[in-house]
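Read through the structure below, which is laid out as structure tokens, and then see the notes.
Naming convention: chains lettered A, B, ... in sequence-line order (proteins, then strands); numbering from 1 in each chain.
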Amino acid sequence: MENQRWLWPCLLTTLVITSLLSVSIGPLQISPSTSFNAMVNWATGHQLAAIAPHEQLVINNVRLPRTLLALAVGATLAQCGAVMQGLFRNPLADPGIIGVSSGAALGAAICIVLFPQGSEYLVAFSAFFAGLITTLIVYRLASSPSGTSVVLLLLSGVAVAALAGAGIGVLTYMANDMALRDLTLWQMGSVAGAQWHYVVLSLIALALISWQFNKSAKALNALLLGEAEARHLGLDVDKLKLKLIILCAIGVGIAVAATGIIGFIGLVVPHLVRMMIGPDHRFLLPLSAMLGAAILVVADIGARSIVAPSELPVGLVTALLGAPFFIILLLKQRNKLV
Amino acid sequence: MMRNLELKSMLKTHKSAPALSELALAGADTNNTPLTQHKSKPDAFSHSAVQASQSVINIRDLSVHIGKKAVLTDINLEIMPGQVTALLGPNGAGKSTLLKSLCQEVALTSGEITLQNKPLAKWDRAELAKSLAVLPQHASLTFPFNVHEVVQMGLYPLTLNQQQGADLVDKQLEQVALSALKYRSYPTLSGGEKQRVQLARVLTQLAQAPSQPILFLDEPTSALDLAQQHRVLELAQSLAREQNYCVIVVLHDLNQACRYADRLVVLEQGEVVSDGAPYEALSAEVIEKVWHYKPTLVIDPKSNLPLIF
């Protein structure tokens, strides 16, 4: 409880600082104060100080959309991870691990390869739809009356990811050079080359899921007692589950369509937040969103700094950080697995 | 003490074990009015003035088949408020299924269950949750909630502001003697403490019941030590007597059932084989028939009531 009080301002400050750094750091070094002025200029049209036009251009068209996309996707993935862990009553649920991201990527890939004339919105919709189907399949495969078993959940994740991988493989084989490049990028995840319409779409999705998740926070807490117990508390469990699964599919689908598969944010962030403030979803969800956003922005700064002037896909960075964490969690769960 | 016992004719078939109902004739139960052998059922039930004559739950011709197997057959029961009704029977007798059908967790094959004269299925879920709460046999939580957070979940169907909610949670924690553990993490508790936390949660849920609260306890004592077992059942008893709760409890311990319940319903292979006041519903005959076990009965010198071994 005490942790909560300082965590809010702490995360908020971190968010502001990391965002500012993210806008400033890159091949063209811009000082944070200039970045700040440029952002104010962009947002309000009010010129605080003279800014070189090329700097303003880089910030408007490259850095700002990239940073905003990282913020939105980080917050979305972290919240979807937290909700999935609650929904599956399983601490190892994560859109990447259980195959939902792969499913969404397959949906996006189908669109890119088979309907190259289609708009980005079609790609996003297709990713959402495929993500929804995958979530439902994984949920069905892994569910038992007492929740979801870790073994079943991971195995269904493997199976679904394998299937999606095969699908993407076939599409890769069919794809032309242009689509091929897109596809490869998709599977590693990157916020480079962020486009404004995806930024807007991601922000809308983030607003929608944050609002709805927050409304369901108490119900999610009750769901952790068990489905029968939640029903006895007057919850319409089936409706709640369907709603949350659809929202997760929207969140993950749009995130994947915009950035490709960025793993482990949804797994690691809720765990970190739970360690600090406990599992109450009313606080877990918003704080996860903030931490997830901050971590993805930092990971993205890392992605473009580690091998500068070249760039790593941010999905690789999160995997490098997240996979060891996943192994630690698995070790902790080991006695439950056998 | 023995002189109080009015041991009448022993049943011919059970010479070694007198029928409990006869032993109970002189039983000076501190709470119950003494039972007489030929009292009819409705009379035997009435122990308190608070009790309304109207039943809260009505089960009519209830049958439940799971797959092709008949788990419950033609159950007819009227459950009264202000009473603790114990469901007894060996494993697989249908106690849990009966409780589950009352919670709408299994589909009824035939028959009807009404709650306050309204079919159970027609109740609004949220409305029902205010009146009916279930203490599960096991409750595991995936994530380490604090004790008071678990009890807080019982506030879900209620309309209370934050302060009222917090006060209610504190009150219920006190009732189960767990105030000291308010901020402890639930997974670190012992089985008995967990059970009491769940009980506090369930009682929180019933705090705003518009009429008689209904409480189902599914083997509430299975994880508890001796003293805790009695404490939980005493609480159930006092809720029924003082606050007119309608309590249905699944129990395995026949002595506890006799001591704390006002009415025993004995199930065997999905049918009600005996139904009545303690010591009346549980005769040595019934015990032997249902559990296939020949009980030894001893008179407890303290209470003058028979003990079943």
Residue from B:R201, B:Q152, B:Q198 scoring the most non-hydrogen pairs under 4.5 Å with chain A is B:R201
* Under 4.0 Å between a Lys/Arg side-chain N and an Asp/Glu carboxylate O for B:K95 and B:D218? -> no
Cut-off 4.5 Å, heavy atoms of chain A, and the answer for B:L128 is neither
Across all chains, not counting sequence neighbours, the ring pair (Phe, Tyr, Trp, His ring centres under 6.0 Å) partners of B:Y186 are none
One option among B:L155, B:V134, B:L135, B:V150 has the most heavy-atom pairs under 4.5 Å with chain A, and it is B:V134
Bottom line for B:E127: the part with an atom under 4.5 Å from chain A's heavy atoms is neither
Between the CE atom in B:M80 and the CZ atom in B:R263, the distance rounded to the nearest 0.5 Å is 6.5 Å
### Any B:I57 side-chain heavy atom under 4.5 Å of B:T114 side chain
no
Query raised in the report: Would you say A:V100 and A:C248 make side-chain contact, with heavy atoms under 4.5 Å?
Result: no
Within residues 211-220 of chain A, contacts to chain B at heavy-atom distances under 4.5 Å involve A:K218, A:A219
Query raised in the report: Ion pair present between B:D225 and B:R231, side-chain N to carboxylate O less than 4.0 angstrom?
Result: no
Legend entry - Test: A:K241 and A:E227 ion pair at under 4.0 Å: yes
The reported gap from SG in B:C103 to NE2 in A:H232 (rounded to nearest 0.5 angstrom) is 4.0 Å
